[in-house]
Number of protein chains: 2
Amino acid sequence: MTGFKSQDEFYEAGDRVYLPHLSVDCVIFGFHENSLKVLLLKWKNGPWCLPGGFIKHKESLDQSANRTLKERTGLTEIFLKQFHAFGEPDRENGKRAKGSWIGKRFITVGYYALVEYSKVFPEPDLLSSECKWFDVNAVPDLIYDHNQIMNKALETLRLSLNDHPVGYNLLPEKFTMPQLQKLYETILGETLDRRNFQKQMIALDVLIRLNERKTGGAHKAPYLYRFDKRKYDKAMKQGLRLSF
Amino acid sequence: MTGFKSQDEFYEAGDRVYLPHLSVDCVIFGFHENSLKVLLLKWKNGPWCLPGGFIKHKESLDQSANRTLKERTGLTEIFLKQFHAFGEPDRENGKRAKGSWIGKRFITVGYYALVEYSKVFPEPDLLSSECKWFDVNAVPDLIYDHNQIMNKALETLRLSLNDHPVGYNLLPEKFTMPQLQKLYETILGETLDRRNFQKQMIALDVLIRLNERKTGGAHKAPYLYRFDKRKYDKAMKQGLRLSF
DNA sequence: TTTCATTGTGTATGATTTACACAATAGTAT
DNA sequence: ATACTATTGTGTAAATCATACACAATGAAA
């Protein structure tokens with residue numbers, strides 16, 4: 001909602017800047033304390049919703065989604081992927097502001113993002129009072145069809161796990177094997193064998209084990225790893241194939 | 001373009017019926033004479049393009065795509081799947097009709113369909129003079145970004161082959177194992193081992209071998225098969241897993 | 001110093017995938 | 001009629017991959 005000073009101004013004049021009937025919504029995933037999180041916004045005096053935005057007249061869908069993401073998280077150059085367009089005519093039942101351009105029917109294009117939790121500083125937008133992380137298993141009732149959109153994003157993420165080693169996008173630079181495994185287990189919603197998991201990850205040949213261990217935990221200190229960017233990019237181009 | 005009597009009327013008054021800035025485009029795949037085909041339209045005095053349509057004010061995206069498909073092929077209840085939305089601001093460079101609603105920028109939602117070639121009777125629309133099948137390997141230069149849209153559809157189809165036994169949608173009711181294999185080979189763009197292919201297909205347990213053979217070929221007559229709808233549907237629900 | 005939860009590591013078994021060859025047959029050519 | 005040719009139908013062995021599983025080492029906390 002760049003360029004608007006107030007909510008009223010946005011309601012009245014948004015259609016000079018944005019295409020009518022079209023929006024993007026972002027399902028922003030992060031990983032923290034062994035659980036998968038999603039970033040949500042709370043409307044002023046209203047329900048929670050996915051962070052979204054509109055499409056400027058000379059802007060691509062991807063640019064619009066990136067802009068939304070930057071405004072909510074401060075992040076640029078992050079993993080962002082379109083996954084589905086939602087266009088039921090009644091998807092926004094109960095919409096207010098009937099008269100305004102924004103009260104009209106909207107088709108929304110869903111994107112999901114994978115971000116490093118610790119690098120995000122959630123920022124509400126003009127219309128919202130709060131912006132914060134929720135555990136994906138404890139998402140409240142969202143506005144319109146936003147629960148459905150979120151679930152579809154999660155499903156897409158699950159299905160694409162085997163082609164995209166998501167650790168690279170969701171974990172901090174240095175991480176442990178148990179952390180990486182928890183990430184997979186959280187996304188898949190099932191537990192995995194520790195030894196077999198490690199074997200497969202090592203076999204991908206995109207990880208470097210550092211000569212450091214993560215201390216501070218109450219037990220045996222695990223090794224730290226990082227991704228080998230060169231090998232990672234090469235593997236991505238060829239298309240990975242995992243089997244969980 | 002239901003309801004319009006002429007091209008002029010459609011150009012002038014389309015925006016009373018359709019949402020602005022939004023369209024759907026359909027990549028309709030068929031299989032004939034051992035090659036994968038795609039159905040294209042030719043604009044009057046213009047280039048070839050994908051069959052597309054617009055979204056009525058109270059219509060969902062899926063309904064709009066289904067309507068387009070029905071109008072071009074006569075078919076209903078066919079396999080139709082949304083795969084991507086295309087929204088570059090310059091994707092329609094060189095567009096005519098600048099003044100009209102239709103001359104404005106459009107975001108298009110891509111669908112691909114799998115249809116039985118022999119059941120289709122291609123019908124041009126108001127704006128086009130021809131509607132016919134092209135081999136996917138011999139598609140002409142299409143308007144705007146339609147080549148890109150088609151390629152993305154093909155890529156999506158390839159990636160989803162292992163979850164959707166496409167034979168059911170693309171082949172006639174009775175077909176031979178070599179036909180089914182050719183279909184897979186054509187979509188994947190690689191050859192497969194004959195015995196291993198058959199083994200996997202049989203193992204899916206969705207095929208019934210008939211006590212008939214296909215005669216007329218110059219060589220040994222192959223058995224005919226058909227899908228066992230019950231088992232097929234059941235297998236679909238559980239999610240297939242092939243490995244080509 | 002003991003305890004406890006967690007980490008690091010290898011092998012054997014079963015399942016899956018791949019590679020591969022020869023006899024039967026339906027038309028075609030002679 | 002006969003031989004020819006391209007294509008079909010079929011099974012097994014080897015290699016690869018996925019799975020199941022246990023014990024010693026360690027770091028912090030008690």
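Per chain, numbering begins at 1; letters A, B, ... match sequence-line order.
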Would you list the atom pairs, donor with acceptor, under 3.5 Å between side chains in residues 168-176 of chain A and any protein atom, with sequence neighbours excluded?
unit_1, atom_1, unit_2, atom_2, d
A:K174, NZ, A:E212, OE2, 2.9
A:T176, OG1, A:Q179, N, 3.1

- Query: Which nucleotide of DNA chain D is the first, and which the last, in the 5' to 3' direction, to come under 4.0 Å of a heavy atom belonging to chain A?
  - Reply: D:dA18 to D:dA28
- Mind checking B:R194 for me? I need base, sugar-phosphate or nothing, with any heavy atom below 4.0 Å counting as a touch. base
- Task: Go through the structure and list residues passing ring-ring contact (aromatic ring centres under 6.0 Å, His included) with A:F86, not counting sequence neighbours.
- Result: A:H84
- Message: Applying a 4.0 Å non-hydrogen cut-off, can you work out what A:R209 is touching in the nucleic acid: base, sugar-phosphate, or nothing?
- Response: sugar-phosphate
- Task: Please check if any side-chain donor atom of B:Y111 sits under 3.5 Å from a side-chain acceptor atom of B:D62, or the reverse.
- Result: yes
- Query: With a 4.0 Å cut-off on heavy atoms, is A:T176 in touch with a base, just the backbone sugar-phosphate, or nothing at all?
  - Reply: nothing
- Message: Tell me the interatomic distance from A:F197, atom CZ, to C:dG10, atom P, rounded to whole angstroms.
- Response: 18 Å
- Where each residue is assigned the nucleotide of DNA chain D containing its nearest heavy atom, which of B:P222 and B:D193 is assigned the position nearer the 5′ end? B:P222
Counting only pairs under 3.5 Å, give me each side-chain donor-acceptor contact of residues 36-44 of chain B, with atom names and distances, residues two or more places apart or in other chains.
unit_1, atom_1, unit_2, atom_2, d
B:K37, NZ, B:S35, OG, 3.4
B:K42, NZ, B:G46, O, 2.8
B:K44, NZ, B:L126, O, 2.6

- Can you sort out the partners of A:K119 under side chain to side chain donor-acceptor pair (under 3.5 Å), two or more places apart, ordered by chain and number? none
- Item | For atom CD of B:Q198 and atom C1' of C:dT18, their distance in whole Å | 16 Å
- Atom-pair distance (CD on B:Q200; C1' on C:dA19), nearest Å: 14 Å
Give me the distances for all protein-to-nucleotides 11-16 of chain C N/O pairs that come in under 3.5 Å?
unit_1, atom_1, unit_2, atom_2, d
C:dT11, O4, A:K199, NZ, 2.8

- Item | Sequence-distant partners of B:N196, side chain to side chain donor-acceptor pair (under 3.5 Å), two or more places apart | B:D193, B:K199
Scan the side chains in residues 213-220 of chain B for donor-acceptor partners under 3.5 Å anywhere in the protein, sequence neighbours excluded, and list what turns up.
unit_1, atom_1, unit_2, atom_2, d
B:R213, NH1, B:A221, O, 2.7
B:R213, NH2, B:Y223, OH, 3.0

- Item | Partner set under side chain to side chain donor-acceptor pair (under 3.5 Å) for A:E88, not counting sequence neighbours | none
- All side chain to side chain donor-acceptor pair (under 3.5 Å) counterparts of A:D233, not counting sequence neighbours: A:K229
- Atom-to-atom span, CZ of B:R213 to P of C:dA26 - whole angstrom: 7 Å
- Message: Among residues at least two apart in sequence or on other chains, which ones pass side chain to side chain contact (heavy atoms under 4.5 Å, CB included) with B:Q198?
- Response: B:M177, B:I202, B:Y225
Please enumerate all protein N or O atoms sitting under 3.5 Å from an N or O of nucleotides 3-6 of chain C, with distances to 0.1 Å.
unit_1, atom_1, unit_2, atom_2, d
C:dA5, N3, A:H219, ND1, 3.1

- Message: With no hydrogens and no angle check, just 3.5 Å: does a side-chain donor-acceptor pair link B:D163 and B:S160?
- Response: no
